[in-house]
2 protein chains.
Amino acid sequence: MSTPGRGLHGHVLDTLGPAITAGEYPPGSVLRTDELAQRFDVSRSVMREAVRVLESMHLVESRRRVGVTVRPKAEWNVYDPQVIRWRLAGADRPGQLRSLTVLRSAIEPVAAGLAARHATAEQCAELTECALGMVANSRGHRLEGYLVHDMAFHRIILTASGNEMFARLGDVVAEVLAGRTHHEVMFEDPDPAAVTLHVQVAEAVREGDAARAEELTREITVGALQELDILAP
Amino acid sequence: MSTPGRGLHGHVLDTLGPAITAGEYPPGSVLRTDELAQRFDVSRSVMREAVRVLESMHLVESRRRVGVTVRPKAEWNVYDPQVIRWRLAGADRPGQLRSLTVLRSAIEPVAAGLAARHATAEQCAELTECALGMVANSRGHRLEGYLVHDMAFHRIILTASGNEMFARLGDVVAEVLAGRTHHEVMFEDPDPAAVTLHVQVAEAVREGDAARAEELTREITVGALQELDILAP
DNA sequence: GTGACAAATAAGTCTGACTTTTTGAAGGTG
DNA sequence: CACCTTCAAAAAGTCAGACTTATTTGTCAC
């Protein structure tokens, strides 16, 4: 997805970040910069830089004479891609996946509606191409090929919406889709109904039918919710 | 909203962050740590910590032998509360406000639907109280009192949804609502129809009527979109 | 033109000394 | 006993300087 641990402070983050988001240090836990620096065998300067980054993510708070205290989960910057990645990699994975899928179910239909209004001809073409790619890989256990086109499809929708906040969720959605294929249960070929829906969404966007694009995308996300047993009784 | 510039590195961020998000340094611009340290009259250590934070927000990228280069806007962590605050405080304000309002229009209806299912009795009570507070302050230019209850109302909806990602948007929504009252055109008393809608949403949530809560909230957000001339033709 | 090599550059790292804020305890006073 | 003041310790914060390393760029020979 993106930045692997660059530099010493990056390596420290790759260890400390996951540990904190995994709840290894409960909220209120106090760490000391010097001790951490010793533990990771880095200088205080490097350790301080790492702490500053964790602080900017609202994972910890650094106070004089007290130390570096872990903040309660409710205060974390849960939209930070790095935080999302750490949580997806840890024990929190199922919960994080559910949160993100609910988020998708809210965002993507609206994004599709906007895409139907704002998408360029090129984006429409790419979208159709992706949908066709999904169809082509929808049978015969070609899950990887399917996934690539699925991720591209949703990324284009989010980008074509013209809303920068939606566009920035492209990576997150890709992560969720990849997770479904690689980690969750996805042994069989994808649901034919879902594939058809994607083709229809591409059609609706091409034709500028915002209401239909929104409604069809809503059906797709409802399917995603059902896969995780997040029902609407 | 939150953390004012704590420590020297915080002060540097309070100046550099807004400057970058305002586009004062176009994408690709190269800064040098040493020069910045001189300019802000701080040590290199402090400057490095500030750069690390900007880097974690994906505003800049630090590379050896090159310097600190400003990244294109499309890569910024636009969900970072600090980045949102910086942009709301700068020339980007109108665009940021539009982005956030569209985001609200996607999130809040879904959140209200979930709140109707998950809200505790206490949350329902608080919600009703807020709605009544809005009614009580809806006439006679009591804009500040109205705003306080409006912000609380939407925060409760987002929290009661039970989704952590929704909950974390409470601050952002509050910021948007406050902006509307303080900076944008909002001289007259609020629209009576909007006030009624809030009361009805509180009712629907209390009664556990998810579909109605969602639909009513959608009407509220449509109103917010119309205020900014973001139409659905 | 191409490839290898050397120099320059700016970030990265480490260390040690010093400052500042905060807290908790000790001790004095009503 | 309660309350306030004072003081000392603890940990983060800051700074300055020396050194390392990766990367780019330019040069020279082939």
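To find a chain, count down the sequence lines: A is the first, B the second, and so on, and within it residues start at 1. It should be emphasised that the depicted structure is a prediction, and the values quoted were computed from it without experimental measurement.
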Whole-Å gap separating [atom2] ([N]) and [atom1] ([X]):
| X | N | atom1 | atom2 | result |
| --- | --- | --- | --- | --- |
| B:Arg44 | C:dG16 | CZ | C1' | 15 Å |
| B:Glu49 | C:dA11 | CD | P | 16 Å |
| B:Gln38 | C:dA10 | CD | C1' | 14 Å |
| B:Arg6 | C:dT20 | CZ | P | 19 Å |
| A:Arg64 | C:dT23 | CZ | P | 12 Å |
| B:Arg32 | C:dA8 | CZ | P | 17 Å |
| B:Glu61 | C:dA11 | CD | P | 13 Å |
| A:Met47 | C:dG12 | CE | P | 17 Å |

Exercise. Between C:dG12 and B:Arg52, is there an OP1 or OP2 to side-chain N/O distance shorter than 4.0 Å?
Worked result: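 Answer is yes, contact under 4.0 Å.
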
Exercise. Would one find a side-chain N or O of A:Ser43 under 4.0 angstrom from OP1 or OP2 of C:dT15?
Worked result: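 Result: no.
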
Exercise. A:His198 vs A:Phe153 aromatic rings, parallel, tilted or perpendicular, using cut-offs 30° and 60°?
Worked result: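 Ring orientation, 0 to 90° scale: perpendicular.
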
Problem set entry | Most 5' of A:Val66 and A:Ser45 on DNA chain C, judged by nearest nucleotide |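 That would be A:Ser45.
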
Exercise. Between the base of C:dT21 and the side chain of A:Arg65, is there a donor-acceptor distance below 3.5 Å?
Worked result: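 Counting by modelled atom types and ignoring angles, no donor-acceptor contact under 3.5 Å is found here.
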
Exercise. Could you give the start and end, 5' to 3', of the contact zone on DNA chain D for chain A, using atoms under 4.0 Å from its heavy atoms?
Worked result: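 Range of nucleotides touched by chain A: D:dA9 to D:dT14.
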
Have [X] and [Y] got a donor and an acceptor in their side chains that come within less than 3.5 Å?
| X | Y | result |
| --- | --- | --- |
| B:Ser45 | A:Arg48 | no |
| B:Arg98 | A:Asn163 | no |
| A:Ser99 | B:Glu164 | yes |

For this session: Just call it for A:Arg48: base, sugar-phosphate, or nothing, with non-hydrogen atoms closer than 4.0 Å on any strand.
Result: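 Counting heavy atoms under 4.0 Å across all strands, the contact made by A:Arg48 includes a base.
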
Problem set entry | Close side-chain approach of B:Leu16 and B:Val51, heavy atoms under 4.5 Å |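 Answer no - side chains too far apart.
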
Exercise. If an axis is fit to five pairs at each end of the helix from C:dG1-D:dC30 to C:dG30-D:dC1, what is the angle between the two, to the nearest 10°?
Worked result: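 Roughly 10° between the end axes, to the nearest 10°.
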
Test item: [X] side-chain N/O and [Y] main-chain N/O as donor-acceptor pair under 3.5 Å:
| X | Y | result |
| --- | --- | --- |
| A:Glu75 | A:Pro72 | no |
| A:Arg168 | B:Trp76 | yes |
| A:Glu108 | A:Thr221 | no |

For this session: Measure the NE2-CG distance between A:His183 and A:Leu88 for me, rounded to the nearest 0.5 Å.
Result: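 Reported value, rounded in 0.5 Å steps: 8.5 Å.
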
